[in-house]
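Report on the structure given below.
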Amino acid sequence: MAAHRTGAAPTARPSEGLVLGYHYTSAAVIADSSPAPPGDPVADYEPVGRPGHRLPHLWLGQPQRTSTLDLLDPLELTVLAGRDADWCPAWPVTRRIGTADLPDPDDAFLDLCGIGPNGAVLVRPDGHIAWRAPARPADGADALVDAAGRILSATPSARPTSPARNVPPGGNRDHPADDRI
């Protein structure tokens, strides 16, 4: 039996939406007031730098190109900041977009993430945006430190549990080494 699709044709490759379109809310995401993109996140995938969404893929640099997804640390929170975001502290993993090392001449990445040249996003190791500052916050670096503290301080009772094991995502409380985001 052949599959039958109804409705409008997808606006992007469904595999992009399947991998990058997933989004959610949790204690490890600080939501902002921006609306979610309309439509089905798989069939109608629209890259967006909204908290809770996966970091959008974009190639940076010429001639040697780097994917924005390759900028993330697999174990630590990563700050992706605009070229003028001098308010970001010496975070363990910080990448400045729009610099000589990571050129973004048309500000395409900044536009996708909804940040200006002095804004930043804080990205979790799983590639989900945890927090976004479209521009320099009034309290500067303290806002970033506060956001990271809120994300990393999610208590087990505030996190959803796995119905199969009744263990919070990220690990077993009896094994602290397994307790990572």
Side-chain angles (χ1 to χ4, degrees), residues 11-13 15-17 19-38 41 44-154 180-181:
T11 58
R13 293 185 305 224
S15 61
E16 287 178 346
V19 174
L20 299 174
Y22 181 78
H23 61 277
Y24 63 95
T25 58
S26 82
V29 172
I30 300 173
D32 62 16
S33 60
S34 62
D44 303 318
Y45 172 65
E46 179 182 329
V48 62
R50 183 174 180 264
H53 288 249
R54 290 287 310 267
L55 181 72
H57 160 72
L58 186 71
W59 291 110
L60 299 173
Q62 290 292 349
Q64 189 171 0
R65 300 184 332 162
T66 301
S67 169
T68 53
L69 302 177
D70 292 335
L71 300 175
L72 304 178
D73 188 288
L75 300 175
E76 301 286 338
L77 294 170
T78 301
V79 173
L80 298 178
R83 65 187 161 276
D84 299 331
D86 57 1
W87 56 272
C88 292
W91 195 257
V93 183
T94 301
R95 312 279 192 250
R96 300 279 287 276
I97 310 298
T99 62
D101 292 336
L102 294 169
D104 183 20
D106 300 328
D107 288 341
F109 178 74
L110 301 181
D111 291 344
L112 273 179
C113 285
I115 63 174
N118 65 350
V121 290
L122 184 62
V123 186
R124 298 181 351 198
D126 65 0
H128 286 265
I129 295 173
W131 175 77
R132 173 172 60 180
R136 183 187 197 283
D139 52 354
D142 290 342
L144 175 60
V145 172
D146 178 60
R150 289 174 55 194
I151 292 160
L152 296 174
S153 296
R180 292 179 249 163
I181 292 179

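Predicted, not measured: the structure shown is a model, and the values here were computed from it.
- Taking both residues in full, the closest heavy atoms of Pro56 and Leu69 are given as O-CD2, 4.2 Å, listed atom of the first, atom of the second, then distance.
- Atom-to-atom distance recorded for Ile129:CD1 and His53:NE2 is 8.5 Å, nearest 0.5 angstrom.
- Side-chain polar atoms of Asp101 and Thr99 form no donor-acceptor pair below 3.5 angstrom.
- Between Arg124 and Val29, some side-chain heavy-atom pair lies under the 4.5 Å cut-off.
- Separating the CG atom in Asp142 from the CH2 atom in Trp87 is a distance of 10.5 Å, to the nearest 0.5 Å.
- Using a 4.5 Å cut-off on side-chain heavy atoms (C-beta onward), Leu122 and Ile30 make no contact.
- With values rounded to the nearest 0.5 angstrom, Trp131 atom CH2 is found 8.5 Å from Ile151 atom CD1.
- Side-chain contact between Ile97 and Ile115: absent, with no pair of heavy atoms (C-beta onward) separated by less than 4.5 Å.
- Under the 4.5 Å side-chain criterion, counting only non-hydrogen atoms from C-beta, His128 is not in contact with Ser26.
- Leu72 contributes atom CG, which lies 10.5 Å from atom CG of Leu77 (distance to the nearest 0.5 angstrom).
- In this structure, Arg96 does not pair ionically with Asp86, as no charged nitrogen and carboxylate oxygen lie closer than 4.0 Å.
- Under the 4.5 Å side-chain criterion, counting only non-hydrogen atoms from C-beta, Arg65 is not in contact with Asp70.
- The distance from the CG atom of Leu112 to the NE2 atom of His57 is 10.5 Å, given to the nearest 0.5 Å.
- What you find for Glu46 and Pro37 is that their closest heavy atoms are OE1-CB, 3.9 Å.
- Nearest heavy atom pair, residue Pro103 against residue Pro105, reads C-CD, 3.7 Å.
- A 4.5 Å side-chain heavy-atom check between Thr78 and Leu55 finds every atom pair outside the cut-off.
- What you find for Ala130 and Pro51 is that their closest heavy atoms are O-CB, 4.3 Å.
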Show the numbers, then the answer: is there a side-chain contact (heavy atoms from CB on, under 4.5 Å) between Leu80 and Phe109? CA-CA 10 Å; Leu80 298 178; Phe109 178 74; 3.8 Å; yes
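- A distance of 6.0 Å separates OG1 in Thr68 from CG in Leu60, rounded to the nearest 0.5 Å.
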